[in-house]
There are 2 protein chains.
Amino acid sequence: MALRHAVLAALLDGECSGYQLAKAFDVGVANFWHALPQQLYLELAKLEKEGLVAGRQVIQETRPNKRLFTVTGAGVDELARFAASPAKPSFIRDDLMVKVQAADAAGADEVIRQLDERVLVADAKIEVFGKLLRRMRGELDEETFLREGARVGPYLTCLRGREFEAGHRAWCVRAAAVLRARVAAGVR
Amino acid sequence: MALRHAVLAALLDGECSGYQLAKAFDVGVANFWHALPQQLYLELAKLEKEGLVAGRQVIQETRPNKRLFTVTGAGVDELARFAASPAKPSFIRDDLMVKVQAADAAGADEVIRQLDERVLVADAKIEVFGKLLRRMRGELDEETFLREGARVGPYLTCLRGREFEAGHRAWCVRAAAVLRARVAAGVR
DNA sequence: CACGCCATGTAACATGTTACATGATTGC
DNA sequence: GCAATCATGTAACATGTTACATGGCGTG
């Protein structure tokens, strides 16, 4: 039972639909959680049945109707309970890192290509996070916003997301360079 | 089918038992994958049936017998196929980040405490990774090892693991400071 | 004498992923 | 005209987690 809390936390940002949530969770909600649309629709249905979120139908003319969800009082209580419970350790799960681990034995060329590609993905994400951060803090500079702004939670997680991508990017560049040098030197 | 590749990649480091593997995957195999012992025993059994790893029994006197596994030729081929296939995007899954995201609404005090705690965990991990790196490169300095050493894969992933922990540590410190300042100022 | 480490597994349950199902609108 | 976006769901399948089961040895 962990996705439920990620959903509740994401919904604190403001009323949104399953579809919009799915977008956020696809990017990774500032890179700290990931889920597919199907899972979210299911989880929202459960949360609604338990009274932790409330949905209201919005009829649209040019697009399909949608349902917007808000966290209820009971939902906030549940989040508070969760916040006070012991946290599970974080973990990364990264195909590309598995490939680097195996690169010596499993062929470096393809891995190098994928590392190069990953750098571009990281660049794109870093820009997205940068924009999100600017939008959240509005007119204020970062220090002021963190002192006085409303809801710093999403800002802090987004900061971490950006730093994670920057770190990952730097590592990809380095790993690719190392592997390339070894291929060139014929190290085996 | 992704754990299988993580297991194969980990086994390249040298023959080891399910129990030893479990230790590695508990720390996180240099923080890029995580799995419980039960899953590993199951996966090893499957891999053996498919001929991707070979196990040999080692009878011990003072301890329970164990089975040591090695990657077979077919296993290396499978890794090569995997390395050439498109990689899934990496993702973090972190309870603590969910809590920070919700901290504004769900009570900051407990979250601050857990951030402080997490800093200590990070310190411990950073030290472990540092020791692993030193052991892997032996006498050589890092540059030389990365140019000429055998098997740089594990070294590179371990580097990333250490940097990840360092980044996470820094973020925890910052997030805790921000939340503390707001609690002190009574921002709500 | 109790606790933790070594060592391996099975079974039941909870989660997460893939495939299927539908259908209008907007932009290229 | 074709693809992408908006929008929601169900069903089947694959993975991951928790609980159970066993048992000797070493250390405080």
Side-chain angles (χ1 to χ4, degrees), chain A residues 1-8 15-29 32-50 53 55-69 82 85-95 98, chain B residues 1-7 15-29 32-50 53 55-69 85-95 98:
Chain A
M1 294 279 200
L3 174 60
R4 65 194 305 101
H5 300 119
V7 169
L8 287 171
E15 192 176 57
C16 77
S17 67
Y19 187 84
Q20 287 175 287
L21 258 190
K23 290 270 150 189
F25 275 81
D26 185 43
V27 182
V29 192
F32 69 77
W33 208 274
H34 172 264
L36 298 167
Q38 290 85 341
Q39 232 182 313
L40 293 169
Y41 285 119
L42 216 71
E43 195 66 41
L44 283 169
K46 278 191 221 165
L47 286 167
E48 195 182 18
K49 206 162 61 183
E50 294 174 44
V53 303
R56 69 182 178 94
Q57 182 107 18
V58 174
I59 284 110
Q60 297 184 120
E61 308 242 307
T62 70
R63 293 156 184 295
N65 296 339
K66 62 181 172 184
R67 312 195 55 219
L68 297 180
F69 295 91
F82 168 67
S85 72
K88 291 191 188 171
S90 70
F91 61 91
I92 312 178
R93 221 166 244 208
D94 191 335
D95 271 21
V98 176
Chain B
M1 294 280 201
L3 174 61
R4 63 193 307 99
H5 300 119
V7 169
E15 191 175 60
C16 78
S17 67
Y19 188 82
Q20 286 174 288
L21 258 190
K23 288 271 150 191
F25 275 79
D26 183 43
V27 182
V29 193
F32 67 79
W33 208 274
H34 172 264
L36 297 167
Q38 290 84 341
Q39 232 183 313
L40 293 169
Y41 285 120
L42 215 70
E43 195 64 44
L44 283 169
K46 279 191 221 163
L47 286 168
E48 195 182 18
K49 206 163 61 184
E50 293 172 46
V53 304
R56 69 181 177 94
Q57 181 107 18
V58 174
I59 283 109
Q60 298 184 121
E61 307 242 308
T62 70
R63 291 156 187 294
N65 295 340
K66 62 180 170 183
R67 311 196 54 218
L68 296 181
F69 294 92
S85 72
K88 292 192 186 170
S90 70
F91 61 92
I92 312 177
R93 217 164 246 210
D94 192 335
D95 271 18
V98 175

DNA chain C: A:L42 or B:L42, which has the more 5' nearest nucleotide? B:L42

What pairs with A:F82 under ring pair (Phe, Tyr, Trp, His ring centres under 6.0 Å), at least two apart in sequence or on another chain? A:H5

Segment of DNA chain D, first to last nucleotide, that comes within the 4.0 Å heavy-atom reach of chain B: D:dT15 to D:dC25

Is B:K88 touching bases, backbone alone, or none of the nucleic acid, heavy atoms closer than 4.0 Å? sugar-phosphate

Regarding B:R93, tell me which of base, sugar-phosphate or nothing describes its non-hydrogen contacts under 4.0 Å with the strands shown. sugar-phosphate

So the salt bridge (charged side-chain N to carboxylate O under 4.0 Å, His left out) pairs with at least one residue in residues 32-42 of chain B (sequence neighbours excluded) are none

How long is the span from the [atom1] atom in [X] to the [atom2] atom in [Y], to the nearest 0.5 Å?
| X | Y | atom1 | atom2 | result |
| --- | --- | --- | --- | --- |
| A:I59 | A:K66 | CD1 | NZ | 12.0 Å |
| A:F32 | B:R93 | CZ | CZ | 11.5 Å |
| A:D95 | B:W33 | CG | CH2 | 5.5 Å |
| A:D26 | A:H34 | CG | NE2 | 5.5 Å |
| A:N65 | A:S17 | CG | OG | 12.0 Å |

Quick one: bend of the helix from C:dC1-D:dG28 to C:dC28-D:dG1 from 5 pairs per end, to 10°? 50°

Got a donor-acceptor contact below 3.5 angstrom from the A:R67 side chain to the A:G18 backbone? no

Please tabulate, one pair per line, each protein N/O and nucleotide N/O from nucleotides 3-8 of chain C that are separated by under 3.5 Å, including the distance.
unit_1, atom_1, unit_2, atom_2, d
C:dC6, OP2, B:Y19, OH, 3.0
C:dA7, OP1, B:Q60, OE1, 3.2
C:dA7, OP1, B:Q60, NE2, 2.5
C:dT8, OP1, B:R67, N, 2.9
C:dT8, OP2, B:Y19, N, 2.9
C:dT8, OP2, B:Y41, OH, 3.1

With sequence neighbours left out, write down each residue that passes salt bridge (charged side-chain N to carboxylate O under 4.0 Å, His left out) with B:R4, or none if nothing qualifies. B:E43, B:E50

Could you check A:V7, A:L3, A:L42 and say which one makes a side-chain contact (heavy atoms from CB on, under 4.5 Å) with A:L47? A:V7

